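Below: one structure, written as structure tokens.
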Amino acid sequence: MPELPEVETIARGLRPLLEGNRVERADVWRANVVVGPVHVFTRALEGRTIERVGRRAKLLRFDLEGGGVWWTSLRMTGQYLVESGEAGPLPPFARGRFDLESGERLYYVDIRTLGKMGVIGSDAWRARSAELGPEPLERSFTARDLGRRLKATRRRIKEVLLDQRVIAGIGNIYASEALFRAGIDPRTRAHRLTRPAIERLHAAIRAVLKEAIASSGTTFLSYADATGESGSFQRRLRVYDRAEEACRRCGGPVRRIVQGQRSTYFCPRCQRRR
DNA sequence: AACGCGCCCTGTCCGC
DNA sequence: TGCGGACAGGGCGCGT
């Protein structure tokens, strides 16, 4: 699920339920989804009220009253699921349960258990956040800012877009999509991008992320369905997961290549080195 | 310092 | 039908 638009969608969905709600009891039965000892984590949560729900990069952020942040990195298959009313059977792949003062239950569900969560102090959170690149949808993120960051590396642009220290929140889907919209070959070395290309990329990143949020994100996978938030942006994808299919712009075949052990999709005709 | 790779874990899909 | 291998929206931690 989760790149910036999906995490933003999840945060918006959870906000009305969680803000002002208190965690009565926390249980996690898969230790590897928690950073540090599980009992330390659950003890840090129990009795605490969630003041604010937010997002930074692809991290969910639940601010606790009196200080501290409950953060979650959903990685590939992490989800939060809300259950109201009577407790039903345990959802498949549930790894943790959080009983709320309101009587509802929040389940953490994660098939591959690559997700991580923890509770850290506000200072530690700020320090962690400071290591991440700028939020691409904030006003302060300019083409000039992007250009400065891209000049500093010789790596290939697609891989740079995935580096959360350079720019926050972009993952494998939206990296390919933004590069297609900007007409840039994903194999181009970042420092070689021209001024106009950087400006097109800046605009493309913002446009694709905004449109994806407006569609509640991209939902793949047959198994599991989230908090009711299945997005629809998958219908608007132009290259991602479309290997050998016709490019929506020129009709030529979309290509799949591997960069940094991840798939990259692009149209060789529409995306040139500069 | 910057970069590239292996690996964490579980499920699905495809070819033989 | 069964089985092995590739692959999946992420990112840490290691070696060079």
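As the structure is a computational prediction, the values presented were derived from the model and not from experiment. So that the names make sense, note that chain A is the first sequence line, chain B the second, and so on, each numbered from 1.
- At a threshold of 4.5 Å between non-hydrogen side-chain atoms, the residues A/Arg95 and A/Thr113 count as touching.
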> Can you give the dot-bracket line for DNA chain C, where a pair is Watson-Crick or G-U wobble with both atom distances under 3.5 Å, crossing pairs use [ ], and | marks a partner on another strand?
Replying inline: .|||||||.|||||||
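- A salt bridge links A/Arg56 to A/Glu135: at least one charged side-chain nitrogen sits closer than 4.0 Å to a carboxylate oxygen.
- Tested against A/Phe180 for a side chain to side chain contact (heavy atoms under 4.5 Å, CB included), the candidates A/Arg248, A/Gln271, A/Arg242 yield a single pass: A/Gln271.
- Contact between the side-chain N/O atoms of A/Thr113 and the OP1/OP2 oxygens of B/dC8 is not found at any separation under 4.0 Å.
- Both A/Gln261 and A/Arg154 lie close to DNA chain B; mapped to their nearest nucleotides by heavy-atom distance, the more 5′-ward contact belongs to A/Arg154.
- Nucleotides B/dT12 and C/dG11 place their P atoms 24 Å apart, quoted to the nearest Å.
- Taking atom CG of A/Leu114 as the reference point, atom P of C/dG11 lies 11 Å away to the nearest angstrom.
- Note on A/Asp110: nothing from the nucleic acid sits closer than 4.0 angstrom, heavy atoms only.
- Nearest to the side-chain atoms of A/Arg155 among the listed nucleotides B/dT10, B/dC3, C/dG10 stands B/dC3.
- Residue A/Arg112 has its side chain nearest to B/dT10 when only B/dT10, C/dG9, C/dG11 are considered.
- With 3.5 Å as the limit, one finds no donor-acceptor pair spanning the side chains of A/Lys116 and A/Ser73.
- The residue A/Lys58 sits close only to the backbone: its heavy atoms come under 4.0 Å of sugar-phosphate atoms, none of a base.
- Within the 4.0 angstrom heavy-atom criterion, only backbone atoms of the sugar-phosphate kind lie near A/Arg30; the bases stay farther away.
- Taking the six-membered ring for Trp and the full ring otherwise, A/Tyr108 and A/Tyr80 have centroids separated by under 6.0 Å.
- As rounded to the nearest Å, C/dC12 and B/dG11 have C1' atoms that lie 22 Å from one another.
- Residue contacts shown for A/Arg256 are limited to sugar-phosphate atoms, with no base heavy atom under 4.0 Å away.
- Relative to the side chain of A/Gln164, the nucleotides B/dG4, C/dG11, C/dG9 differ in distance, and C/dG11 lies closest.
- Between the side chains of A/Thr218 and A/Gln234, no donor-acceptor pair of N or O atoms lies under 3.5 Å.
- Mapped onto DNA chain C by nearest heavy atom, A/Val258 and A/Arg262 fall at different nucleotides, with A/Val258 at the one closer to the 5' end.
- The closest side-chain heavy-atom distance from A/Val69 to A/Val119 is not below 4.5 Å.
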